[in-house]
Amino acid sequence: MPKALPIFFLSALGLLTPAFSQSVLSIEEVMALISGPSEGQVAFTETKLMPFLKEPLETSGLLCFRKPAFFSKQIQRPRSEQYDIDQDTVFIRRAGEEPLRLQLTDSKELSALTAAIRGPLLGDRALLERFFTLHLGGQIKRWTLILSPKDAEVASVIQEIKIQGQNDQIREILMREPDGSLSTLRLKYHP
Amino acid sequence: MKALFSSKRLGVVIWIFWMGFCLALLFGDMRVISDLTAFLPNNKSLMEQVLLRQMREGPASRMVLVGLGNQPEESLARCSKALQSNLIKVHGIVGVENGQQIPDVLHQLESQLFHYQYLLSPDIDSDLFSRTSLGAALSHDLDLLRSPASSFEKKWLLQDPLGLWIHLLRDWLWQKGPDTRHGVWFSGDHSRALLVIKTQAAGFDVDRQATLEHAIETAYSGLPDCHGSSLQLGGVGPLSLRADELTRGDAEVLSLLNTFMVLVLLFLVYRSPRLLILGSLPLATGLLTGVAVVIWFYGSVHAVSLAFGATLLGVAADYPNHFFSHLDAHPDSPERTLRSIWPTLRLGILTNILGFSGMFFSGFEGLAQIAILASSGLAAAGMTTRYVVPSFLPKTPPRFCFPKGFSHLFESMMGYQAARWTPFLFLFGAIAVFMFSGAPLWNDDIESLSPVPPKAKLATEAMQIEMGVPDLRSLILIQGQTESEVLERSEQLLPILDRLVLEGKMGGYDAISHYLPSQTTQIKRLKSLPNRQVLESDIRWASNQKGFTPNAFQAFLDLVDQSRQLSPIDSRFLAQTILNDRVQNLLIHLDQGWVGLVPLYDIKDPKAIPEAIEQLNLPSIRYADLKEASSKMLAHYRLEALSLLALSGILIYVVLSLGLGSSIKALRVLVPMLLASGTTACVMAVLFSGLNLFHLVSLMLVMGLSLDQALFFQRASEHREERIRTMQSLLVCSLSSILAFGSLALSSTNVLKSIGGTISIGAMLAILFAAAWSSRAIR
């Protein structure tokens with residue numbers, strides 16, 4: 001028995017070591033993982049909880065992206081709406097209304113909000129770091145990227161954003177706002 | 001002899017003092033006003049005052065449009081931002097906009113006016129607060145909350161569930177500005193970055209605009225971000241500058257040319273530099289005197305009056321010529337000659353002054369100044385010729401030397417046996433051509449007076465369309481005794497204008513009641529606000545229906561409570577907000593009352609608007625076409641100038657009859673002059689599609705010149721020897737006039753062409769007709 005112990009220990013160590021090295025994840029790796037394809041689309045459902053609403057609001061639709069800087073949120077239910085962002089400009093199309101055009105550069109808060117969703121899907125770390133400090137936790141099988149606003153302007157609309165993912169897929173984007181509102185965006189991938 | 005000598009001396013001494021005095025006055029006090037619209041009159045009618053003020057100081061005239069091109073978008077955007085922050089510091093620039101200011105504007109509007117929305121919003125009526133209406137509003141709000149913009153919409157929604165503020169903003173900021181790229185304005189094809197500079201100086205103030213343009217160009221060339229790009233300026237200011245430069249450039253070159261040619265001619269004739277210098281003394285004295293007198297009375301002189309007055313003084317250039325050409329080799333000749341021609345010369349000077357001084361009574365300050373300048377100048381020139389020039393002549397003046405070519409010309413002129421009716425033939429021929437051509441007699445188009453190069457004009461127009469600047473020509477004017485009256489009438493007018501926009505007759509309009517409702521309307525709105533209990537119960541019902549918590553809209557209830565306590569606002573209140581920019585140009589307070597201006601944008605059917613206004617049949621609301629109004633003003637002056645001229649004509653006839661001793665002789669002098677002027681007028685009307693103000697003034701000069709000539713012809717017909725000398729002098733006078741002004745006819749600008757053409761043709765005809773009318777007497 002005493003002669004087998006060191007071998008037991010050694011093998012135990014050997015077993016443990018691969019698990020250890022696997023769990024030290026870096027932001028680069030995660031960003032590289034999730035931003036593989038140069039374009040794509042994914043279905044979503046979004047739930048918004050607000051302190052002055054009795055029930056949460058729900059929408060569902062499609063998210064599309066195309067590198068380097070095109071991103072689109074197409075809401076299909078309950079009403080049809082489309083928000084396209086290209087570079088600095090946002091195009092808004094709502095059923096029954098005239099299309100609207102906004103400049104992201106006009107509003108830092110708006111730029112930060114759109115960056116939080118656009119950045120991960122397009123793999124644009126620089127865009128995220130313009131407005132947020134990034135903090136990564138968890139392992140490759142289940143990771144969480146936390147975005148905290150860098151300055152007061154952005155902090156006035158966003159308290160914190162949590163991006164949860166598994167391997168190379170983003171599963172959920174949770175946004176907490178200073179007044180207590182919480183919005184959860186769940187991405188659904190086809191098997 | 002001694003007595004003569006001392007009186008000679010006296011004349012010179014007085015002259016020297018007088019010149020010194022004038023020079024001192026000018027060096028001390030000389031102010032030339034080049035503001036073209038200050039040249040226009042002070043009319044008593046309220047509407048005309050406002051129109052004038054619009055033209056002079058209207059916001060459109062204070063905008064300089066800037067286009068940056070020739071570089072990729074990001075580069076131009078950087079240049080635009082750098083230029084904006086740089087130019088804002090320049091003295092004389094009130095504001096520089098390039099699109100970056102919009103978020104700031106929105107913030108300021110919000111902080112200043114959000115709490116007054118229940119006074120300002122056009123949506124307020126008693127139905128707005130019904131349960132149905134509230135319910136519909138909350139449904140719409142839920143949609144907004146579902147959208148990605150919910151993070152922003154939330155805070156507004158809870159205070160303003162009905163969306164009143166957003167509607168207000170859309171009403172106020174309806175104008176489609178240019179596209180924005182990289183945070184700044186760009187043209188539609190994204191090839192040029194656009195900026196608008198608001199200046200303190202009005203567009204027509206040429207001097208200030210020149211300084212400003214220089215400052216802009218200096219700032220631009222000093223920015224590294226703008227290296228390699230191109231700069232284009234447009235708008236009323238830059239266009240006025242281009243026009244001014246063009247006219248001035250031509251005038252300078254051509255003046256040098258014609259001065260040179262005249263000097264050569266005179267030198268060939270007199271062969272004496274001394275005579276040449278002496279000959280210029282009366283004109284110089286006249287000019288100095290004329291300007292000094294105007295400055296003495298007005299404190300300043302208009303640039304246009306200076307130019308025209310100096311032109312009219314050209315008559316004085318002939319005075320010494322008449323004198324010199326009658327000299328002979330006799331030592332006593334100067335005094336003798338002078339005494340013999342002085343009566344005729346004096347009569348000529350007197351009639352010239354009478355002719356020009358009539359304009360003094362015009363309501364047009366510019367014309368009055370021309371009258372004073374010309375009359376006093378001619379008087380001084382006459383005095384100089386009589387009392388100063390002889391003193392400086394050498395004891396034995398050199399004789400005239402006409403080159404061989406000239407002598408042949410003489411012989412033919414001496415044999416000029418034309419019948420008296422030849423000039424009438426010319427006149428009738430000219431009238432026939434005029435009638436056939438169908439040209440109008442008068443051209444009151446103010447644009448034909450200003451020589452703006454067409455390329456510059458088109459560039460400015462293109463930029464104006466991109467920037468959404470209103471059509472500068474058409475406005476509606478609303479008159480009232482008080483501010484309230486104007487606001488109420490404006491509110492009456494709006495539905496009609498809205499209809500015109502809907503029908504596609506025009507692109508849009510801006511009116512004061514868009515921003516400031518009348519007191520009556522504001523009070524009505526406040527009265528429609530329900531009391532707190534009712535509103536609270538209704539909003540709770542709607543909240544419950546749509547899924548909001550019962551107390552969600554406390555902030556809204558508080559806002560309505562606050563609004564109930566408000567008193568109506570007026571223009572003074574708005575003047576302190578950021579809306580002042582818009583509002584100050586839409587409502588004007590004058591001594592006699594208030595005027596609301598309604599600028600019209602993108603007019604598609606120009607007749608529809610005045611028709612609609614006429615149908616209203618309200619005397620206090622008028623449609624104004626600035627171009628038409630300025631043409632009418634020009635026509636008014638023209639009529640005034642003509643009637644004054646006619647009056648002086650009668651006076652001249654009387655003076656001539658007395659001076660010449662017979663009314664028939666007076667007629668013989670006047671008729672050829674009138675025939676020559678009439679013929680010239682017809683020719684010019686055909687060539688220029690109507691006579692303009694410059695033609696009129698030039699014709700006056702021609703009349704002055706030909707009057708003098710005819711007087712001398714009349715006199716000379718008594719002695720044949722004299723007649724030869726007179727002919728020589730008249731030839732010299734005519735040739736010098738033709739050379740001096742003929743070169744102006746070669747200019748590319750309408751102004752100079754009008755003046756040059758009229759005077760050269762007129763001078764030529766004048767001498768021919770005057771000769772035709774006196775030759776009979778000798779035979």
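Numbers restart at 1 for each chain; the letters A, B, ... are given by sequence-line order, proteins then strands. We use all heavy atoms of the structure for the numbers below, so side chains are in, but hydrogens, waters and symmetry mates are not.
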Exceeds 12 heavy-atom contacts within 6.0 angstrom, atom [atom1] of [X]:
X: A:H135; atom1: NE2; answer: no
X: A:R176; atom1: CZ; answer: no
X: A:R142; atom1: CZ; answer: no
X: A:E55; atom1: CD; answer: no
X: A:R77; atom1: CZ; answer: no
X: A:K162; atom1: NZ; answer: no
X: B:R540; atom1: CZ; answer: yes

Proximity breakdown for [X] and chain A, heavy-atom pairs closer than 4.5 Å:
X: B:F553; answer: neither
X: B:L158; answer: side chain
X: B:N544; answer: both

- Task: Give the intermediate values and the outcome of side-chain contact (heavy atoms from CB on, under 4.5 Å) for residues B:L144 and A:R94.
- Result: CA-CA 10 Å; B:L144 290 176; A:R94 286 207 187 116; 3.7 Å; yes
- Query: Quick one: OG on B:S151 to CE on A:M50, what's the gap to the nearest 0.5 Å?
  - Reply: 7.5 Å
- So CZ of A:F52 and CG of B:D141: to nearest 0.5 Å the spacing works out to 9.5 Å
Below 3.5 Å, can you tabulate the donor-acceptor pairs from side chains in residues 110-118 of chain A to any protein atom, sequence neighbours excluded?
from   : atom 1 : to     : atom 2 : distance (Å)
A:S111 : OG     : A:L104 : O      : 2.9
A:S111 : OG     : A:S107 : O      : 3.0
A:T114 : OG1    : A:L110 : O      : 3.0
A:T114 : OG1    : A:S111 : O      : 3.0
A:R118 : NH1    : A:A69  : O      : 3.1
A:R118 : NH1    : A:Q87  : O      : 3.4
A:R118 : NH2    : A:Q87  : O      : 3.4

Segment of [X] engaging chain B (4.5 angstrom heavy-atom cut-off):
X: A:L57; value: side chain
X: A:E81; value: side chain
X: A:P51; value: backbone

- Query: With side chains defined as the heavy atoms from C-beta onward, is the minimum distance between B:L145 and A:K48 less than 4.5 Å?
  - Reply: no
- Message: Taking every non-hydrogen pair under 4.5 Å, which of B:K155, B:R146, B:K546 racks up the most with chain A?
- Response: B:R146
- Message: So does B:P148 get a backbone contact from the side chain of A:K73, meaning a donor-acceptor N/O pair under 3.5 Å?
- Response: no
- I would like to know whether B:K154 and A:D179 meet side-chain contact (heavy atoms from CB on, under 4.5 Å); could you show each step before the answer? CA-CA 10 Å; B:K154 274 190 299 186; A:D179 69 341; 3.1 Å; yes
